[in-house]
Amino acid sequence: MITHAKEAEKFNKDEARVDWHDDTLWFVRQKRDRMAHNIPEWEQLREKASQIKNHTLSNLDQYLIQFEKQALANGVHVHWAANAAEHNQIVFQIIQKHGFQKIVKSKSMLTEECHLNEFLINQGIEVIDTDLGERIVQLRHEPPSHIVLPAIHLKKEDVGETFHQHLGTEKGAKDPQYLTEAARQHLREKFIAADLALTGVNFAVAETGGIVVCTNEGNADMGAHLANVHIACMGIEKIIPRQADLSVFLRLLARSATGQPITTYSSHFLRPAPGKEMHIVLVDNGRTEQLARADFRNSLKCIRCAACFNTCPVYRRSGGHSYHTAVAGPIGSILAPNIDMRKYADLPFASTLCGSCSNVCPVKIDIHDQLWKWRQILAQEGHTGTAKATGMKLMSAVLSNPDIYRFVGSTGLWFLRHVPSLASNSLNPWFKQREMPEPPKESFRDWYLKNRKKPKGE
Ligand code: SF4
């Protein structure tokens, strides 16, 4: 079974890469901090965003219907998908109806979640990811490792080698400008040849029926404007009530994601251009189930900025692929067990519960509390594995009885002093990455009994 710990072990083999990955993401986190601190009303913005999302989630049914009504009135085709399979079928049927063979796609974590690329490629459709980072990982047959920076686990040398193999650039080339230009030329041809453009959705406005797509490369616009058919795929939680609410979310999103004041392109799509066709696919895929879980409902406020990834000490040093799910990091570890508790039972444990994720989240999701709550549910449902379940029962017996606790403490100390190899061996995962501390000469309790100031009369 794939687990975060096993996958992280692979990533951790290359220590230099781990350090570099850690430093790079911390740099992004610091950029985010500077941007946030430049806005005196930052905390009010976070609170406002959280309240808007809270209100929207409480009235999601009404806002979805309002959005559909407005979008239909704008001449957009609206589709509803209960799960990933339905979503993929809807997209495929639109492509089939037109007899198309080639599509371009801008970044959409929803389509990653639904494994749309694999599905369409198996049907014989050419699918080209047009976000630069996404295209790099697509050429390497890898999933993205980060929701905003999909190729952040790769160095420019890796990209140079990938482009040399697939795009015919010079062997050993690693100049970012040269490589980006090569990607630009390559993608231009794909944009021009594409029959259909697929995009994600950052925000869908119930009041107008319009959608907003944020990119830094303009690739969503380029695809949607050149192709005759545009499909926008969105999770149902992307709804916001009013156009005016965008002013709150657009200010928070780019600052939290990359430390920019605004994304380079915040593109508004309202209706198809004359003679063209526009579709919106609204996808549930477990979201209504999550909405019904009172403890995890807030996770649907997420605007996918990845600030919680960049600050997480576990993510930074284990890499996105170790989470073995489309949305990695702290928020992914809350969303994934909702879809498959057994398969993703390891993820809520891939956290120090330090709370840094909750502190940076622009919509104030209580991320670390939810991770802790998942751990309790997973233990109750028997998804934590025999070793952990037995260990926890033993710990519970030891910690709830002072006599047993004292006996185990003094025995453990004796063994640490006289047979240190019992702890310092490769079977102890904690020891693998650390030096064992010198065992103290006496326990704190013994020291305290000897040194405490006795109250008068004792
Ligand atoms: S949980 Fe919060 S910090 Fe993490 S991606 Fe979502 S909005 Fe950003």
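We use all heavy atoms of the structure for the numbers below, so side chains are in, but hydrogens, waters and symmetry mates are not. Note that ligands are numbered from 1 as they come in the structure, with each ligand's atoms numbered from 1 the same way.
- Taking the ring axis of Phe67 as reference, the NZ or CZ atom of Lys238 does not stay both within 45° of it and closer than 6.0 Å to the ring centre.
- The protein atom (non-hydrogen) at minimum distance from atom 7 (S) of ligand 1 is Ile303 N, 3.4 Å.
- Aromatic ring pairs are classed by plane angle as parallel below 30°, tilted from 30° to 60° and perpendicular above 60°; the pair Tyr315 and His146 is perpendicular.
- Excluding waters, the set of protein N/O/S atoms under 2.8 Å from atom 4 (Fe) of ligand 1 reads Cys308 SG.
- In this structure, His21 has no side chain to side chain donor-acceptor pair (under 3.5 Å) partners at least two apart in sequence or on a different chain.
- With sequence neighbours excluded, the residues that form a side chain to side chain donor-acceptor pair (under 3.5 Å) with Asp19 are Arg317.
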Enumerate donor-acceptor pairs with a distance under 3.5 Å from any side-chain N or O in residues 198-207 to protein atoms, sequence neighbours excluded.
unit_1: Thr199; atom_1: OG1; unit_2: His230; atom_2: NE2; d: 2.8
unit_1: Asn202; atom_1: OD1; unit_2: Cys214; atom_2: N; d: 2.7
unit_1: Glu207; atom_1: OE1; unit_2: Gln243; atom_2: N; d: 2.8

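- Judged by a 6.0 Å distance limit and a 45° cone about the ring axis, Lys53 is positioned over the six-membered ring of Phe249.
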